[in-house]
Amino acid sequence: MESLNRQQAVKAVHYSTGEPVSIRIERGCFAAIESIAVENKEELPIIAPGLVDLQINGYSGYDFNQLPIPEEAISEAVRKLWEQGVTSFYPTVITNSGEAIQAAMETIARACGQDAAAARGIAGIHLEGPFISPHDGVRGAHDRDYVRPPDWELFSRWQEASGGRIRIVTLSPEWPESVPFIERCVKHGITVSIGHTSATAEQIQAAVEAGARMSTHLGNGAHLMLPRHPNYIWEQLAQDRLWSCVIADGFHLPDQVLKVVLKVKGEQAMLVSDAVSLSGLPGGAYTTPVGGEVVLTPEGKLHLARNEQILAGSAQMLLWGIEHLTNRGLAELAEAWDMASVRPAGFMKLSAAVGLAAGAPADFVLYRRDGERIRLEQTFKSGELVFHGS
C-alpha cells in the first residue's frame, strides 16, 4: 500500500463546502487542510470522509455467519470493502447457536490479531441477536430455534472470545431480562440497539431509560401489519434519545418513510447497508444458507426465488444508499454522505468523527460525479492508498 508523506498533498474539492482544498498527511493523520485557488475546480476530484458501516453481514461472497468462516475471509472482506469507500465497519454476527456465535467471534478476533489492516478496518463487532423477538414477522430470517432472552453470562463468554470487540448489541426489550442487561451493557461501554422487536411502547421507553441508544434498520424486521397507534415504529421515532439506522437501497423502505425518518431524526439519522454476502456479486440466481433459493436482479433487489415480493436481505452498499437519497431528492449529497460517515463515527465515538480536519485519521475517499452515479476513484486508510479505481 502506498502512503502519503508530509511533502505530498492531495488537491480536491471539499464534499461539503464545494471549495478547492489542499490536504497534507502526516503519520496517518491529516496534518493540514487549506483552501486553495484553482482555475478550474471541475477538473479536481471530490474529497469526502471514509464511509463507516455499522451493520455488514458479509460482502462479495464472504459471509460472517456461515461457518466455518475461512481464515482469509475477514481480511479479504476488509480489502474488498475499500473498493466501496468503507474505511471502518462492524461485521455483524446474527442469531445462531451459542457455539456458532463464539466461533464467529473467535475468527474475527484472530483475523484482527494476525492482520493489521483488518484490525484498523474493523471498529467493532455488531451482535444482532439472539436476544430478539421470537415472533414471526419481526424475527425476519433469524432462526427461531436459537432466539433466547438476554443472558449476561453467555454474552460475556462471546465478548471474551471476540477480544472485547463487541461494541453493538441489537435486542428486543420485550424480554423481562432486558433492562438489567441493557444497564450492564451501558456500564461496559456497549451500544444497545432496538431491533427485531414486538415490544410495547412502555417496554421501549424502559429500554431507553436503561440506556438503549439506537434503532436497528428501523422499519424493517417488522410485522407487515401493525396497530395504527401505538406501535413500536412510532415509539422509536418519538424517542428523542434513539438514533435511527435506515437501509436506503430503494427496496427496504419507500421514499416517504425515509423522508419521515430524516425529518424527525435530523442529525440522528444514519445509513447502514445491512449487506449480505451476495452484495458485490453479479445479478443471478443463488442458493444461500438462510434464504435458500434467491434472486439478485439487475436492478439490485435481492428476493426469494419463490416470491419476488419477499426480500432476502440487502445487496447494496452505502454508496448506493447515498445515491438513492440524493437522486430522489430526500437529502443533499453532503448530508447523505454524513449519514454514512461522520455521523456513525461520532455516534460510536470513533476518532474519524471529525471528518476532514487536522489531527483526524486520514480515512478518506476521492470521487467524481457521473450523472446520478458516484464514481469512486481512490480510498485512503490512515493516509495509505488502499484502493485505486481504473
Side-chain angles (χ1 to χ4, degrees), residues 1-4 8-25 28-30 33-36 38 40-53 56 59-60 78-89 121 248-250 270-273 275 279-280 300 315-345 350 352-357 360-390:
M1 293 181 288
E2 177 184 341
S3 296
L4 294 175
Q8 294 176 299
V10 175
K11 295 181 180 180
V13 174
H14 194 288
Y15 80 108
S16 181
T17 67
E19 296 299 318
V21 293
S22 176
I23 294 186
R24 290 188 292 110
I25 312 294
C29 296
F30 294 117
I33 301 177
E34 302 167 339
S35 297
I36 58 174
V38 296
N40 187 1
K41 72 176 186 179
E42 283 71 27
E43 295 180 353
L44 297 176
I46 301 169
I47 186 169
L51 301 177
V52 178
D53 201 331
I56 298 184
Y59 180 67
S60 193
V78 170
R79 287 160 173 79
K80 293 293 291 186
L81 286 166
W82 290 336
E83 300 174 11
Q84 292 291 322
V86 177
T87 52
S88 296
F89 75 103
D249 62 356
M270 301 182 289
L271 290 183
V272 293
S273 70
S279 56
Q316 305 306 329
M317 305 306 295
L318 290 177
L319 284 175
W320 180 291
I322 293 170
E323 289 175 346
H324 182 78
L325 292 182
T326 304
N327 296 335
R328 301 293 292 183
L330 300 172
E332 296 297 324
L333 178 58
E335 180 189 8
W337 198 282
D338 284 349
M339 289 175 64
S341 58
V342 294
R343 281 189 199 171
L350 304 181
V354 293
L356 306 179
D363 295 353
F364 65 97
V365 301
L366 299 176
Y367 71 88
R368 295 182 189 271
R369 295 301 303 271
D370 185 6
E372 294 186 341
R373 302 301 307 275
I374 295 171
R375 180 162 57 84
L376 195 66
E377 291 192 344
Q378 294 179 333
T379 301
F380 290 81
K381 177 67 179 176
S382 301
E384 296 181 337
L385 176 61
V386 293
F387 167 70
H388 195 301
S390 57

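Please read all numbers here as calculations on a predicted model, not as lab measurements.
Among all heavy-atom pairs drawn from A345 and A352, the shortest one is CB-C, 4.0 Å. Pairing each heavy atom of V52 with each of L350, the nearest pair is CG1-CD1, 4.2 Å. Of all the heavy atoms in A360 and G355, the pair that sits closest is CB-O, 3.5 Å. The two atoms that bring I33 and A357 nearest to each other are CD1-N, 3.3 Å, heavy atoms only. Closest approach of A315 to S279, counting heavy atoms only: O-CB, 3.3 Å. Smallest separation of non-hydrogen atoms from A340 and L318: O-CD1, 3.9 Å.
We find that E83 and K80 are joined by a salt bridge, their nearest charged nitrogen and carboxylate oxygen being less than 4.0 Å apart.
In this view, A248 and L258, L271, L325 satisfy the side-chain contact (heavy atoms from CB on, under 4.5 Å) rule, not counting sequence neighbours. Remark: F30 engages F364 in a ring-ring contact (aromatic ring centres under 6.0 Å, His included) (not counting sequence neighbours). Residues that satisfy the side-chain contact (heavy atoms from CB on, under 4.5 Å) test with Q84, not counting sequence neighbours, are Y59, V86, M317, L319. Under the rule for a side-chain contact (heavy atoms from CB on, under 4.5 Å), the partners of V38 that lie at least two apart in sequence or sit in another chain are P20, I36, K41, L44.
Q378 and H388 share a side-chain donor-acceptor pair at under 3.5 Å.
Contact check for Q316 versus H324: no side-chain heavy atoms found under the 4.5 Å cut-off. For the pair V365 and F387, the minimum side-chain heavy-atom distance is 4.5 Å or more. Using a 4.5 Å heavy-atom cutoff, the side chains of V13 and V21 are not in contact. Counting heavy atoms from C-beta on, the side chains of I46 and L366 never come closer than 4.5 Å. Between T87 and L51, the closest side-chain pair of non-hydrogen atoms is not below 4.5 Å. A heavy-atom distance below 4.5 Å is not found between the side chains of L356 and V342.
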**Verdict with supporting geometry, L81 and I56, side-chain contact (heavy atoms from CB on, under 4.5 Å)** = CA-CA 10 Å; L81 286 166; I56 298 184; 3.9 Å; yes

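Atoms CD1 and NZ, on I23 and K11 in that order, are 12.5 Å from each other to the nearest 0.5 Å.
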If you look only at distance, which donor and acceptor atoms sit under 3.5 Å apart when one is on a side chain in residues 328-339 and the other is two or more places apart or in another chain?
from, atom 1, to, atom 2, distance (Å)
R328, NE, D255, OD2, 2.4
R328, NH2, D255, OD2, 2.9
W337, NE1, P49, O, 2.8
D338, OD1, Y15, OH, 2.5

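Checked by atom type and distance alone, the side chain of W320 pairs as donor or acceptor with a backbone atom of D249 at under 3.5 Å. The backbone N or O of K381 lies less than 3.5 Å from no partner atom in the side chain of D363, so there is not a single donor-acceptor pair.
Counting only residues at least two apart or on different chains, the side chain to side chain donor-acceptor pair (under 3.5 Å) pairs with a member in residues 366-377 are E323-R373, R368-E377.
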